[in-house]
Number of protein chains: 2
Amino acid sequence: MPVDKGVTLDPARTREQILQVATEVLYEQGLDGVGVAGLCARAGVSKETLYRHFGSKEGLVRATLEARSDRVTRWLREAAAAAGPEPADQLGAVFDALAGWYAEPGFRGCAIVNAAVQHHEGAAREVAARHMDRHLELLSGIAARAGAAEPGVLARQILVLMEGAAVVADLHGVDGTGRQVREAALALLRASAAGGRGPEAGSARKTATAR
Amino acid sequence: MPVDKGVTLDPARTREQILQVATEVLYEQGLDGVGVAGLCARAGVSKETLYRHFGSKEGLVRATLEARSDRVTRWLREAAAAAGPEPADQLGAVFDALAGWYAEPGFRGCAIVNAAVQHHEGAAREVAARHMDRHLELLSGIAARAGAAEPGVLARQILVLMEGAAVVADLHGVDGTGRQVREAALALLRASAAGGRGPEAGSARKTATAR
DNA sequence: AGGACATCGAACCGATCGGTACCATCGGAC
DNA sequence: GTCCGATGGTACCGATCGGTTCGATGTCCT
């Protein structure tokens, strides 16, 4: 009886069920677009159960976004790792993965960014800041291995491309966005790796690492 | 009596007052973060007046965002025009202007994008799509004058940088974001203007114009 | 003076919000 | 069989939501 207790009446299972439904609904409807009652109805649980597991709607939002941040981070790391040792290949693989995501039906931008932008205080913004830190870790590694003069700066420029791509693909249309942004990221990587001395001086100046 | 009727009791004045307050409040609190009653209180008008002018909260949101889109578009066009004839200077001036905006106290990202992301239907998304079209117009002109192989593609890549920069500056911190993104945009411009044949093939492939 | 128009303030509407309390029920451990 | 923890269902709370209506007040134009 260490693990795998009964099939039904499993608190962990219930929690997962709520989280899964909340992930879908909060993404589709927005943080304020659905009430706790509606959430419970779609998850097939009672309000009391939801509040026992998450304490408040805010708690549910935090747990949902943190789980999502974990999944996305893992997903991108694996995409990069599977692309072999070349930094440019890894970066290309990351943006290939993102491009596939943008093209999925029901894509509405980055759930974490969307949530963070709806309330300027609360859990969502903290999760979003941490989420971007994680992206930066991955990108700085790639930038450093590519020999970028300023890996931190290049990583941040590519992060801007990632976040911007989600917004543009969502609000302005997906067509070509994935490929175009992939090429832009690779161009920045090339320009930075080509050395501080390009045909016209380096592409990135010395700036703070920020945040 | 053709124009400039009385000083007080001027419907156009009242409308402007409501719009101005709505611009601030909807940006600070979010679309769902404030009720019509609160809006009226801050604007010093009655609900009846607001509804007579805008018909509904949605109508107020649309009018507010459209006015904002007009102002931002004009602002960026003037920044570019004031920078002289060189495309690279114009692009640099646009991103300088944006960098200044990110650093302003109370900056919370692009109001139009933020609004559009909160509801997946409604006026905000239409305004946002049109807003980006206007940005694209400006950027394509610069790209074309710079001799970019594919001005439309380059413009879209730079648009992604613009929108991403606002998100990152808002959620991850402003430090350096403005300069870094400015340099990234200029690097893309250089890479694209250097000719389709770089050291490693062009930076942008043939893709649909999107949307 | 008079009428048309604009506005305020407040009451009011039904619906929904996040959150709590209570109780019957049911599965699993012993 | 017996008890306990997890649960569903439901009613309920005060607050707020977007939107409507009405009457009193005031300003303009003629």
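By convention in this document, chain letters (A, B, ...) are assigned in the order of the sequence lines, proteins followed by strands, and residues within each chain are numbered from 1.
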For atom CG of B/Leu50 and atom C1' of C/dG9, their distance in whole Å = 15 Å
Extract all donor-acceptor atom pairs below 3.5 Å that involve side chains of residues 38-53 of chain B and protein atoms in other chains or at least two apart in sequence.
residue: B/Arg42; atom: NH2; partner: B/Glu24; partner atom: OE1; Å: 3.2
residue: B/Ser46; atom: OG; partner: B/Thr49; partner atom: N; Å: 3.4
residue: B/Ser46; atom: OG; partner: B/Thr49; partner atom: OG1; Å: 3.1

Can you check whether A/Arg52 has a side-chain N or O nearer than 4.0 Å to OP1 or OP2 of D/dT7?
-> yes
Tested for side chain to side chain contact (heavy atoms under 4.5 Å, CB included) against B/Gln90, the lone hit among B/Ile142, B/Leu139, B/Leu189, B/Leu76 is B/Ile142
Any A/His53 side-chain nitrogen or oxygen under 4.0 Å from OP1 or OP2 of D/dA6 | no
Could you tell me whether A/Arg108 atom CZ has more than 12 heavy atoms of other residues or ligands within 6.0 Å of it?
-> yes
OP1, OP2 of D/dG8 versus side-chain N and O of A/Thr49: anything below 4.0 Å?
-> yes
Of A/Val34 and A/Glu48, the one whose nearest nucleotide on DNA chain C sits closer to the 5' end is A/Val34
Check the distance between C/dG9's P and B/Tyr51's OH and give it to me in whole angstrom.
-> 17 Å
For B/Arg15 and C/dT7, what is the distance between atoms CZ and P respectively, to the nearest whole Å?
-> 12 Å
Looking only at non-hydrogen atoms, find the nearest pair between B/Thr23 and B/Arg71 and report the distance.
-> CG2-NH2, 3.7 Å
Whole-Å distance, B/Arg13 CZ to C/dT7 P, equals 12 Å
C/dA6 phosphate, OP1 or OP2: any side-chain N/O from B/Thr14 under 4.0 angstrom?
-> no
Atom-pair distance (CG on A/Asp10; C1' on D/dG5), nearest Å | 13 Å
When you look at CZ of A/Arg77, are more than 12 heavy atoms from neighbouring residues, nucleotides or ligands closer to it than 6.0 Å?
-> yes
Side-chain donor/acceptor of B/Lys47 to base of D/dG19, under 3.5 Å | yes
To the nearest Å, give me how far apart NZ (B/Lys57) and C1' (D/dG18) are.
-> 8 Å
Could you give the CD1-to-C1' distance, from B/Ile18 to C/dC8, as a whole number of Å?
-> 12 Å
Mind calculating the distance between CG (A/Leu39) and P (C/dT16) to the nearest angstrom?
-> 16 Å
